[in-house]
Amino acid sequence: MDCIFCKIINKEVPSHLVYEDEILKIFLDINPATNGECLIVPKNHFKTIMELDNETNEHILKIEKKLYLIFKEKLGCDGMTIMQNNDYGQEVPHFHIHLVPRYNKDMFRTTSDKDLLVDFENIINQLND
Ligand code: AMP
Ligand code: ZN
């Protein structure tokens with residue numbers, strides 16, 4: 001399959017490895033938003049959160065918590081932003097999670113100055129159904 005992340009997982013393309021086990025591989029983002037940004041990539045090829053199974057998700061959560069502690073200690077970061085794109089905005093169509101170590105006064109933006117445009121009441125009702 002012509003997938004850059006599958007190729008990294010299969011070692012056909014090099015990466016800066018952070019961690020690897022039987023379920024996932026973590027490597028540095030080639031174009032980091034902040035020092036130490038890395039990507040958690042499940043070894044199974046699938047595209048979006050819709051295909052993510054609970055077992056893999058639980059494993060990822062465990063690793064995220066461990067890495068956060070290590071990042072704080074080793075990188076001296078002040079926080080960590082975890083994000084994940086699905087379909088629109090997703091450059092690589094192999095599911096992955098961005099771990100972005102955050103530093104006081106870094107320029108990474110997670111907020112916008114736009115007003116909320118839609119009334120979410122109906123959507124919230126559906127979630128509670
Ligand atoms: P997304 O837009 O959420 O799909 O993010 C894709 C991410 O993969 C971007 O942050 C890229 O910088 C990163 N990326 C693309 N190719 C590579 C690569 N060969 N090695 C490491 N990171 C990569
Ligand atoms: Zn893939």
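In what follows, residues are counted from 1 in the order of the sequence shown. Just so you know, these numbers come straight off a predicted model, no measurement behind them. Whatever order the structure lists them in is the order used to number ligands and atoms, beginning at 1.
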message = For atom 15 (C) of ligand 1, which of the options H96, H94, E91, K7 provides the nearest non-hydrogen atom?
response = E91
ask   = Out of curiosity, is L28 lining ligand 1, as in a heavy atom under 4.0 Å away?
value = yes
ask   = At the 4.0 Å heavy-atom cut-off, does S15 count as touching ligand 1?
value = no
task = Run the contact test for H16 against ligand 1 with a 4.0 Å cut-off on heavy atoms, strictly below, and give the result.
result = no
query = Hey, does E37 sit under 4.0 Å from ligand 1 if you only count heavy atoms?
reply = no
query = Counting heavy atoms only, which of D29, V92, V41 is nearest atom 11 (C) of ligand 1?
reply = D29
task = Decide yes or no on side chain to side chain donor-acceptor pair (under 3.5 Å) for Q84 and H98, but give the supporting numbers first.
result = CA-CA 6 Å; Q84 188 258 318; H98 299 250; over 6 Å; no
task = Return a yes/no value for F27: is any of its N or O atoms, backbone included, closer than 3.5 angstrom to an N or O of ligand 1?
result = no
request  = Mind checking whether F95 contacts ligand 1 via backbone (N, CA, C, O), side chain (CB onward), both or neither, at a 4.0 Å heavy-atom cut-off?
outcome  = neither
message = I want to know if ligand 1 touches Q90 in the polar sense, i.e. an N/O pair below 3.5 angstrom.
response = no
message = To make sure I understand the geometry: which N, O or S atom in H94 is closest to the Zn ion (ligand 2)?
response = ND1
query = Ion pair present between K47 and D87, side-chain N to carboxylate O less than 4.0 angstrom?
reply = yes
task = Give a yes or no on whether a salt bridge exists between K72 and D78, defined as a side-chain N under 4.0 angstrom from a carboxylate O.
result = no
ask   = What about I4: any of its N or O atoms under 3.5 Å from an N or O on ligand 1?
value = no
